[in-house]
Amino acid sequence: MIPYAEPFKIKMVELLKRTTREEREKLIRDAEYNLFALKAENVYIDLLTDSGTGAMSDVQWAALMRGDESYAGSRSFIDLKATIEELLGFPYMLPTHQGRAAENVLFSAILKEGDIVPGNSHFDTTKGHIEFRKAVAVDCTIDEAFEVNYEHPFKGNVDPEKFEKIIREHGTEKIPLFILTLTCNSGGGQPVSMENIKQVSAICKKHNIPLYFDAARFSENAYFIRTREEGYADKPIKEIVREMFSYADGTTMSSKKDGIVNIGGFIGLHDPKVYEKCMTFNIMFEGFITYGGMAGRDMSALAAGLRESTEYDYLEGRISQVRRLGERLIEEGIPILKPIGGHAVYVDALSFFPDIPQSEYPGQVLGIELYIEAGVRGVEIGTVLVDRDPISRKNRYPKLDLLRLAIPRRVYTDNHMEVVVWGLKKVWERRHSCRGLEITYEAPIMRHFTARFKQKG
Ligand SMILES: *Cc1c(COP(=O)(O)O)cnc(C)c1O
């Protein structure tokens with residue numbers, strides 16, 4: 001069989017700057033040990049996020065040039081709306097400037113103080129928008145998701161028992177929606193099975209609770225359904241995507257992920273009444289309903305990106321690169337979350353640093369040390385991110401403390417991934433002498449972006 005290679009060739013390149021280890025030690029000290037505070041040019045391989053960092057295709061760049069910048073009713077909007085209806089089945093669509101803006105608009109329309117929003121490990125901005133409205137996000141993810149080495153094929157799945165318990169305890173009036181995140185980002189880029197989507201949908205229907213998707217990585221979720229769930233092996237991704245969305249009443253989307261564009265988002269809806277409510281907030285917060293914070297050209301590129309990301313060859317190229325990185329790390333004995341996620345490899349910092357207590361942020365420590373070693377930037381998904389309890393203000397300690405290495409779409413080669421493996425190996429060799437961190441400043445909400453740290457003595 002012909003060996004595997006990327007399903008694209010490269011038409012333009014962006015040059016990278018290299019720094020020395022001594023320079024990086026100073027740079028990260030000056031950044032007060034927050035990787036978000038670094039200048040990007042001082043990062044050699046940037047795995048901070050796969051959000052808005054993908055490489056667009058020639059077709060998308062061509063679409064940019066054909067963008068229609070009319071304020072109302074642009075061809076770009078009409079094309080995007082038709083693409084979303086064709087791929088995801090939603091007759092109503094509102095563009096927003098990114099995913100969290102879609103959350104802001106939707107939650108302004110349907111969420112109020114005291115409400116309960118069950119879901120599967122809500123993403124941090126989603127949780128932020130829920131808690132900001134003095135509502136409560138309740139996690140219903142299956143327990144297996146928190147067992148690092150348990151190879152469940154669909155670790156994003158919801159435990160129907162947990163969901164039903166919440167309904168019994170709080171009643172349906174307090175539950176304006178269920179949010180299903182596909183794939184589950186905070187849970188490790190883990191997919192939700194079609195069977196589980198159906199189960200959740202059945203419970204929602206029975207109790208009249210609208211089911212919304214947080215669909216940032218819906219294509220990657222469809223790839224996992226195709227490759228892991230019985231009965232889907234021969235189905236085109238577009239067909240699987242249509243089936244997934246046939247169970248949703250609506251969706252929020254960060255187009256910066258599976259839209260393969262640098263900025264953008266949208267809300268997709270079936271219910272005209274919810275659409276009408278959202279319209280007003282969209283106009284107030286985002287822009288007129290036919291652009292909502294996006295340039296026409298960006299909507300055109302997004303329409304093209306959505307068509308590309310729902311092709312099997314694209315997904316196989318993207319997800320197999322993530323898988324190869326994970327497999328190389330396993331080979332080297334580095335503890336990672338299994339199974340390997342769709343968009344990222346998650347290094348298990350609690351196992352990596354048995355000497356560093358969770359109160360000294362082992363995930364953050366690993367991020368700092370990997371940057372110093374190899375100029376690679378990942379991001380902590382652990383105690384810093386999970387933040388304090390909004391009521392007691394006490395630190396919350398998640399079951400997992402992770403360093404996420406998110407791979408941008410179509411950007412780096414496997415040689416870059418080898419540098420990441422090398423860097424982690426070097427930190428692994430000196431893991432018993434790495435120092436914990438202490439927070440010296442934090443914001444009242446979503447502290448991870450701007451927190452400052454110092455190394456423990
Ligand atoms: C990125 C992301 C969001 C927020 O989208 P932005 O475009 O970054 O505002 C919401 N949910 C999930 C699952 C995400 O990955």
Side-chain angles (χ1 to χ4, degrees), residues 36 47-54 94-108 111 117-132 137 139 141 145 155-158 177-192 197 211-222 224 244-245 248 250-268 282 285-287 292-294 298-299 301-302 305-306 309 318-319 322 341-344 346 378-381 385-386 402 404-409 445-446 448-449:
F36 285 98
L47 309 184
L48 180 72
T49 178
D50 65 326
S51 179
T53 53
L94 285 165
T96 61
H97 78 275
Q98 57 185 87
R100 70 199 66 185
E103 291 164 358
N104 188 31
V105 170
L106 178 70
F107 294 168
S108 295
L111 200 61
V117 184
N120 54 338
S121 305
H122 310 65
F123 185 65
D124 59 341
T125 61
T126 318
K127 196 176 204 148
H129 273 297
I130 292 168
E131 291 177 351
F132 183 72
D139 188 5
T141 315
K155 272 188 169 176
N157 278 1
V158 171
L177 76 162
F178 186 100
I179 291 206
L180 192 63
T181 307
L182 309 162
T183 58
C184 191
N185 190 350
S186 313
Q190 303 294 333
V192 178
I197 296 174
L211 174 59
Y212 281 81
F213 289 174
D214 177 352
R217 297 180 186 78
F218 71 95
S219 320
E220 292 174 9
N221 200 91
F224 285 119
M244 281 162 48
F245 280 91
T251 195
T252 57
M253 172 76 186
S254 167
S255 307
K256 304 169 73 173
K257 287 52 172 265
D258 279 353
I260 334 182
V261 290
N262 304 116
I263 197 75
F266 60 84
I267 300 170
N282 215 72
F285 299 152
E286 293 297 298
M294 290 184 78
D298 287 335
M299 289 192 281
L302 171 58
L306 289 170
S309 88
R318 192 268 184 295
I319 294 178
V322 179
H343 66 291
Y346 293 71
V379 71
E380 190 247 26
I381 304 278
L385 176 75
V386 162
L402 305 163
R404 185 185 76 179
L405 305 167
I407 318 298
R409 295 165 179 77
I445 198 164
M446 288 191 259
H448 59 290
F449 288 121

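Worth knowing before you read on, the calculation uses all heavy atoms, side chains too, and leaves out hydrogens, waters and symmetry mates. Numbering of ligands and ligand atoms starts at 1, following listing order.
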*Asks:* What do the steps show when you test Leu180 against Val158 for side chain to side chain contact (heavy atoms under 4.5 Å, CB included), and what is the final call?
*Replies:* CA-CA 8 Å; Leu180 192 63; Val158 171; 3.5 Å; yes
*Asks:* What's the separation between atom CZ in Arg318 and atom CG in Asp258, rounded to the nearest 0.5 Å?
*Replies:*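 Here the rounded value is 7.5 Å.
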*Asks:* Report, as yes or no, whether the 6.0 Å neighbourhood of atom CZ on Phe132 holds more than 12 heavy atoms from other residues, nucleotides or ligands.
*Replies:*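 Not more than 12 within 6.0 Å, no.
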*Asks:* Between NE2 of His129 and CZ of Phe123, what distance do you get to the nearest 0.5 Å?
*Replies:*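 Rounded to the nearest 0.5 Å, the NE2-CZ separation comes to 11.0 Å.
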*Asks:* What atoms of ligand 1 come within less than 4.0 Å of a heavy atom belonging to Lys256?
*Replies:*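 Per the distance check, 7 (O).
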*Asks:* Quick one: which ligand 1 atoms are inside 4.0 Å of a heavy atom on Gly99?
*Replies:*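 Those atoms are 5 (O), 6 (P), 7 (O), 9 (O).
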*Asks:* Relative to ligand 1, is Arg100 under 4.0 angstrom through side chain, backbone, both or neither, heavy atoms considered?
*Replies:*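 The answer is both, backbone and side chain.
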*Asks:* Considering both backbone and side-chain atoms of Ala101, is one of its nitrogen or oxygen atoms within less than 3.5 Å of a nitrogen or oxygen in ligand 1?
*Replies:*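 There is no such contact.
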*Asks:* Once rounded to the nearest 0.5 Å, what's the spacing between atom OG of Ser219 and atom NE2 of His343?
*Replies:*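 Between Ser219 OG and His343 NE2, I get 13.5 Å after rounding to 0.5 Å.
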*Asks:* Starting from atom 2 (C) of ligand 1, which protein heavy atom do you reach first, and at what distance in Å?
*Replies:*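 Scanning the protein heavy atoms, the shortest distance from atom 2 (C) of ligand 1 goes to Lys257 NZ, 2.4 Å.
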*Asks:* So which protein heavy atom does atom 7 (O) of ligand 1 come closest to, and at what separation?
*Replies:*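 Here the closest protein heavy atom is Ser254 OG, 2.6 Å.
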*Asks:* Look only at interatomic distance and state if Thr125 has a nitrogen or oxygen under 3.5 Å from any nitrogen or oxygen of ligand 1.
*Replies:*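 N/O-N/O distance below 3.5 Å does not exist for this pair.
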*Asks:* Given the rule in the side-chain hydrogen bond (donor to acceptor under 3.5 Å, both in side chains) test, do Glu103 and Thr126 qualify, once you have shown the distances and angles that lead to the verdict?
*Replies:* CA-CA 7 Å; Glu103 291 164 358; Thr126 318; 2.8 Å; yes
